[in-house]
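Throughout, protein chains are lettered first and strands after them, A, B, ... in sequence-line order, and every chain is numbered starting at 1.
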Amino acid sequence: MIASVKGTRDLLPPETRVWNRVEAVAREVFALHAFDEIRTPVLESTDLFVRTVGESTDIVHKEMYTFTDRGGRSVTLRPENTAGVARAYVEHGLAQGGGARKLYYIGPQFRYERPQKGRYREFRQIGAEVLGAADPATDAEVLGMLFDFLARLGFTGLSVALNSVGTDVCRGAYVEALRAYFSNHADRMGDDDRRRLEQNPLRVLDTKDPAVKAIVDEAPRMLDFLDAESAAHHEELLVLLDAAGIPYRIEPRLVRGLDYYTRTVFEVTAGGLGAQDALLGGGRYDRLVSDLGGPKTAGIGFAIGEDRLVDVLPPAFRDEAARAGSTVALVPLDRSDRAAAMELARALRAAGIAVDLDPAGKGPGAGLKGAERRGLSVAVLLGGREREAGTVVVKNLASRTQETVPVGRLAEFLKGS
RNA sequence: GUGGGAGUAGCUCAGUCGGUAGAGCAUCGGACUGUGGCUCCGAUGGUCGCGGGUUCGAACCCCGUCUCUCACCCCA
């Protein structure tokens with residue numbers, strides 16, 4: 001037997017209904033914020049990710065699905081979508097016309113990692129980006145939209161962890177300060193954290209080692225190293241978030257894995273996801289577009305891990321979404337009723353009613369049992385006696401009550417119930 | 001890439017000391033049913049993840065490998 005490729009999975013009904021509902025809500029909320037959809041290729045030049053995500057990051061270093069195509073070009077299945085959006089922005093001159101471009105995307109991403117809970121080699125992200133807007137008000141707007149979306153899914157009690165990583169200039173000084181500080185405590189650090197200290201001291205802030213966490217608590221804080229402009233940006237954002245009533249907490253240790261972030265970075269974590277508890281992450285990337293050879297363009301965005309989001313969805317939303325909706329089962333009571341049932345099904349569908357017809361006509365028992373098993377809540381029974389009288393029996397599968405309805409008023413009756 | 005746990009029917013699992021594989025559910029057929037989650041009878045379904053080794057004989061022991069799973073690294 002041929003199985004799905006390691007780290008990939010099939011999404012089956014009724015689970016796909018849940019995914020569709022989540023995506024429908026995302027599209028609705030994003031549209032209400034005047035975001036438009038962009039679809040970029042799954043396959044991009046390897047260079048795109050090396051230059052944007054960062055050569056020293058693990059994503060580029062060991063997690064990319066990279067191969068050489070028949071023309072000898074190195075191509076990569078996108079590990080994230082922001083770089084592709086920025087590339088398209090430059091390639092198509094979307095800066096023309098001025099103002100900010102507000103874009104969102106929904107689609108699969110690929111990272112060659114060892115799968116575990118909440119982590120797959122093919123995973124889906126729902127993300128949004130604003131290009132060409134440097135003001136902290138845009139940061140607040142993006143976070144506001146994010147919370148709107150989560151609220152509509154029924155999430156409560158989530159808050160965003162917020163920090164500023166400044167710009168290249170002040171970050172250099174901060175990294176040196178960190179390096180100096182941690183070097184004094186290296187004797188109490190494990191191999192992992194010592195390696196991080198060598199390669200990227202910022203990452204030590206993310207340690208899971210309790211002993212090192214205590215050291216981290218006393219470490220210099222990025223916020224104390226921000227240049228005047230970055231500090232002002234950060235302060236103004238907090239004022240705007242407070243005014244908008246958006247819940248956040250300052251997380252001075254929050255650093256993110258992609259090299260392109262500047263100033264604002266944020267992350268939302270959720271319980272129930274095991275060790276991979278980051279539900280979404282994002283931030284500002286004011287250098288990304290110009291790094292790609294485009295005009296100097298500020299940007300900010302976020303990416304939500306859709307697989308993880310669906311994993312921790314509030315049960316009420318999940319149950320509602322998984323239902324079969326208003327589809328009615330049409331049950332011919334006898335084989336001789338099949339033709340009439342098919343005709344009735346056609347008429348109902350023409351009237352906009354979804355009909356699940358089981359044309360076999362194996363009797364009411366089997367028909368009703370099957371309908372309930374498929375998650376339907378209403379059945380229309382059609383038999384010889386009804387056909388003679390020009391009626392059908394409409395049965396509520398949950399309450400097991402039923403009533404006789406003239407065929408001519410059936411569509412109307414079903415829409416009303 | 002590293003470590004732990006697990007792979008037996010579509011699903012959940014049993015399988016003794018190594019002796020050629022079982023249950024429940026599901027599916028299909030039948031009985032009974034113009035009103036469903038019953039009941040009864042019967043049937044289908046397994047290269048025991050895959051490959052090698054030990055053995056007269058392997059689902060069981062050994063080695064390798066693949067996949068799943070959890071964790072590390074890192075991230076959504």
Side-chain angles (χ1 to χ4, degrees), chain A residues 1-9 12 53-54 56-64 78-82 106-127 190-193 195-196 199-200 202-203 206-209 254-258 266-270 273-282 301-312 329 331-334 336-337 358 360-374 376-377 379-387 392-402 404:
Chain A
M1 192 196 65
I2 298 175
S4 69
V5 169
K6 182 185 178 108
T8 69
R9 55 185 185 147
L12 308 172
V53 175
S56 68
T57 62
D58 269 26
I59 291 179
V60 167
H61 193 234
K62 61 175 195 182
E63 295 174 3
M64 293 207 302
R78 63 185 183 199
E80 57 101 46
N81 218 145
T82 300
I106 298 175
Q109 320 291 335
F110 300 83
R111 289 181 201 172
Y112 193 89
E113 302 177 271
R114 193 90 172 251
Q116 70 183 71
K117 186 173 178 60
R119 189 167 69 193
Y120 308 96
R121 288 186 171 180
E122 180 193 29
F123 60 104
R124 291 105 188 148
Q125 285 188 334
I126 299 175
D191 289 345
D192 276 341
D193 286 315
R195 183 178 49 75
R196 289 158 145 178
Q199 292 174 353
N200 187 351
L202 288 171
R203 297 239 62 92
D206 259 348
T207 187
K208 288 181 183 173
D209 182 341
L254 177 66
V255 291
R256 302 202 38 78
L258 285 62
F266 55 89
E267 187 172 276
V268 172
T269 56
L273 286 172
Q276 311 304 319
D277 61 353
L279 187 59
L280 64 92
F302 61 80
I304 303 169
E306 193 176 2
D307 302 74
R308 292 179 184 178
L309 182 69
V310 169
D311 248 14
V312 297
V331 180
L333 296 186
D334 186 82
S336 63
D337 299 314
D358 177 9
K362 287 196 288 192
L368 293 172
K369 189 173 171 183
E372 185 163 60
R373 201 175 284 171
R374 291 193 298 278
L376 307 181
S377 52
V380 173
L381 305 179
L382 180 63
R385 297 214 283 269
E386 286 75 19
R387 277 160 63 196
V392 293
V393 171
V394 178
K395 177 149 185 159
N396 182 315
L397 293 175
S399 65
R400 303 197 174 189
T401 57
Q402 65 182 46
T404 303

Review point. So does A/E113 reach the base of B/A76 with its side chain, donor to acceptor, closer than 3.5 Å?
Key: yes
Check your understanding: Is any side-chain N or O of A/R111 under 3.5 Å from a base N or O of B/A76, one able to act as donor and the other as acceptor?
Key -> yes
Practice item. Look at all strands and tell whether A/G282 reaches a base, only sugar-phosphate, or nothing, counting heavy atoms closer than 4.0 Å. Key: nothing
Practice item. Nearest-nucleotide wise, let me know which of A/G7 and A/I304 is further upstream toward the 5' end of RNA chain B. Key: A/G7
Point to revise | Flag, side chain of A/R308 to backbone of A/A278, donor-acceptor distance under 3.5 Å | key: yes
**Study point:** Nearest non-hydrogen partners of A/S336 and A/R387, listed with the distance
**Key:** O-NH1, 3.1 Å
Check your understanding: Partner of B/A43 by Watson-Crick or G-U wobble geometry, both contacts under 3.5 Å, or none?
Key -> B/U27
Point to revise | Whole-angstrom distance between B/C17 and B/C13, as gauged at atom P | key: 22 Å
Check your understanding: OP1 or OP2 of B/A71 sitting under 4.0 Å from any side-chain N/O of A/Q116?
Key -> yes
**Study point:** Upstream residue (5' side of RNA chain B) when A/R195 and A/G118 are each assigned their closest nucleotide
**Key:** A/R195
**Study point:** Sub-4.5 Å side-chain heavy-atom contact between A/P79 and A/R111
**Key:** yes
Practice item. Report which part of the nucleic acid A/K6 touches: base, sugar-phosphate, or nothing (heavy-atom distance under 4.0 Å, all strands). Key: sugar-phosphate
Practice item. Could you let me know what B/G22 is paired to, Watson-Crick or G-U wobble, both distances under 3.5 Å, or none if it's on its own? Key: B/C13
Study note, to complete from the structure: A/F266 and A/L254 have their tightest heavy-atom pair at CA-CD2, 3.8 Å
**Study point:** Polar side-chain atom of A/Q109 near backbone of A/G107 as donor-acceptor pair, under 3.5 Å
**Key:** yes
Point to revise | side chain to side chain donor-acceptor pair (under 3.5 Å) involving A/D307 - partner list, sequence neighbours excluded | key: A/R9, A/R124
Review point. Got a donor-acceptor pair under 3.5 Å from the side chain of A/R308 to the base of B/C75?
Key: yes
Point to revise | Complementary nucleotide for B/C72 - Watson-Crick or wobble, under 3.5 Å | key: B/G1
Practice item. Select base, sugar-phosphate, or nothing to describe what A/E80 touches, counting heavy atoms under 4.0 Å on all strands. Key: nothing
**Study point:** Qualifying residues under salt bridge (charged side-chain N to carboxylate O under 4.0 Å, His left out), relative to A/E80, sequence neighbours excluded
**Key:** none
Review point. Given that both distances must come in under 3.5 Å, which nucleotide forms a Watson-Crick or G-U wobble pair with B/C48?
Key: none
Check your understanding: Which of these nucleotides, B/A76, B/A71, B/C75, is closest to any side-chain atom of A/Q125?
Key -> B/A76
**Study point:** Footprint string (nucleotides 34-44 of chain B, 5' to 3'): B base within contact, S backbone only, - free, heavy atoms under 4.0 Å
**Key:** BBBBS------
Point to revise | Nucleotide opposite B/G7 in a Watson-Crick or G-U pair, distances under 3.5 Å | key: B/C66
Revision key, fill the gap. Heavy-atom closest pair (A/P108 atom, A/E122 atom, distance to 0.1 Å) is CB-OE2, 3.6 Å
Review point. Within this structure, what is the CG-to-P distance between A/L273 and B/C75, rounded to whole angstrom?
Key: 17 Å
Practice item. Could you check which nucleotide pairs with B/U55 in any of the strands shown, counting Watson-Crick or G-U wobble with both distances under 3.5 Å? Key: none
